> 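Here it is, the structure, as structure tokens.
Each chain gets a letter, A, B and so on, in the order its sequence line appears, and its residues count up from 1. Atoms considered below: every heavy atom in the structure, side chains included; atoms not considered: hydrogens, waters and symmetry mates. Not measured: the values here are computed from a predicted model.
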Amino acid sequence: QQPVQSPQAVILREGEDAVINCSSSKALYSVHWYRQKHGEAPVFLMILLKGGEQKGHEKISASFNEKKQQSSLYLTASQLSYSGTYFCGTLNTNAGKSTFGDGTTLTVKP
Amino acid sequence: DAGITQSPRHKVTETGTPVTLRCHQTENHRYMYWYRQDPGHGLRLIHYSYGVKDTDKGEVSDGYSVSRSKTEDFLLTLESATSSQTSVYFCAISTGQGAYEQYFGPGTRLTVT
């Protein structure tokens, strides 16, 4: 089952904050986040594991609510380089196979 | 840089012809994946492998087959290409050690005419 991301798109000015949400209808083992710039491959940002362990990017943070089967990605004091499409990927079991959301397009303007 | 290459990077082929895409990694990671990405959509899993000769289907596997005879190579074959298989194909790897974060290759843009 594909996770649902919201919002689909967001436009910010430099220095503003954004939150991107990822929800699943199934219990989650882990959630991982990626950023993709136009014409490039997705790049790993962060992973959140069941039980609270978090790994990833020093300037972007995330939360993982296991009971609600949701994760949120927090981008604070956005920079022009944050522009791109953000994808969440979810694993329902410890089996290596993940499912991705349709993405959230973030545009940061000067 | 996770040491992942894909070949070819671009290909144009005709409907009905077989096509093979290659993914090569240099770090002996256990898990390898093939995804397709279409405009406005996320990444959809085609097939994945959890070891040499160990593969499983993803959500959009019809019309595709895979093979992994060596740890470093994962091949995706379109048995008889159709226009609906025009897409960007990404290969990814994962260490498979509990976290399963993925690192992606540069992608192959395939056009079926």
Side-chain angles (χ1 to χ4, degrees), chain A residues 1-6 8-9 20 22-24 26 28-57 60 62 64 71 73 84-105, chain B residues 1-7 9-10 21 23 25 27 29-51 54-61 66 68 74 87-109:
Chain A
Q1 190 76 22
Q2 183 181 25
V4 177
Q5 288 186 235
S6 63
Q8 287 185 314
I20 301 171
C22 177
S23 298
S24 174
K26 292 186 175 182
L28 296 175
Y29 171 77
S30 70
V31 179
H32 36 138
W33 289 93
Y34 300 81
R35 176 169 62 211
Q36 184 179 32
K37 295 191 178 281
H38 184 70
E40 299 180 6
V43 174
F44 170 72
L45 291 176
M46 177 166 295
I47 189 163
L48 300 104
L49 301 174
K50 186 176 179 179
E53 183 181 353
Q54 175 177 315
K55 299 194 292 181
H57 201 286
I60 298 173
F64 180 19
S71 177
L73 187 71
T85 301
Y86 290 78
F87 293 99
C88 69
T90 56
L91 277 80
N92 300 115
T93 64
N94 181 17
K97 178 178 169 181
S98 54
T99 309
F100 285 84
D102 280 341
T104 296
T105 300
Chain B
D1 183 2
I4 308 166
T5 57
Q6 293 185 229
S7 59
R9 294 293 312 279
H10 301 271
L21 308 182
C23 177
Q25 59 149 330
E27 299 185 9
H29 291 303
R30 181 182 173 195
Y31 281 77
M32 298 185 77
Y33 307 82
W34 277 108
Y35 294 93
R36 63 176 288 174
Q37 186 176 40
D38 301 298
H41 292 279
L43 298 146
R44 292 184 290 172
L45 182 65
I46 305 171
H47 284 278
Y48 72 108
S49 170
Y50 46 95
D54 291 323
T55 64
D56 202 355
K57 295 180 179 180
E59 57 191 301
V60 290
S61 60
V66 290
R68 192 172 180 195
F74 192 32
S87 189
V88 178
Y89 291 84
F90 287 103
C91 172
I93 59 92
S94 174
T95 63
Q97 293 177 358
Y100 301 108
E101 65 264 36
Q102 297 180 25
Y103 298 90
F104 288 82
T108 294
R109 183 172 296 276

> Do A:Q2 and B:E59 pair up side chain to side chain, a donor and an acceptor below 3.5 Å, judged on atom types alone?
no
> Any side-chain to backbone donor/acceptor pair from B:Y48 onto A:S98? Under 3.5 Å, distance only.
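Between the backbone of A:S98 and the side chain of B:Y48 there is no qualifying donor-acceptor contact (under 3.5 Å).
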> Does A:K37, at its NZ atom, have more than 12 non-hydrogen atoms belonging to other residues, nucleotides or ligands within less than 6.0 Å?
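Yes - once you tally the heavy atoms of other residues, nucleotides and ligands closer than 6.0 Å, there are more than 12.
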> To the nearest 0.5 Å, what is the distance between CG on A:L48 and CD on B:E101?
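The distance works out to 11.0 Å.
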> With a 4.5 angstrom heavy-atom cut-off, which part of B:L45 approaches chain A: side chain, backbone, both or neither?
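When you check distances to chain A, only side chain atoms of B:L45 fall under 4.5 Å.
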> Give me the atom names and distance for the closest heavy-atom approach of B:Q102 to A:Y34.
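Smallest interatomic distance, heavy atoms only, reads N-OH, 2.8 Å.
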> Quick check: do A:F100 and B:Q37 have side-chain heavy atoms less than 4.5 Å from each other?
no
> For the interface with chain B, which of A:P42, A:G103, A:G101 has the highest count of heavy-atom pairs at distances below 4.5 Å?
A:P42
> Can you tell which part of A:Q5 gets under 4.5 Å to a heavy atom of chain B, answering side chain, backbone, both or neither?
neither
> How long is the straight-line distance from OG of B:S94 back to CD1 of A:I47, given to the nearest 0.5 Å?
7.5 Å
> Do you know the tightest heavy-atom contact between B:G105 and A:A41?
O-CB, 3.1 Å
> Measure distances from B:Y50 to the heavy atoms of chain A and classify the residue's part below 4.5 Å as side chain, backbone, both or neither.
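Looking at B:Y50, nothing touches chain A.
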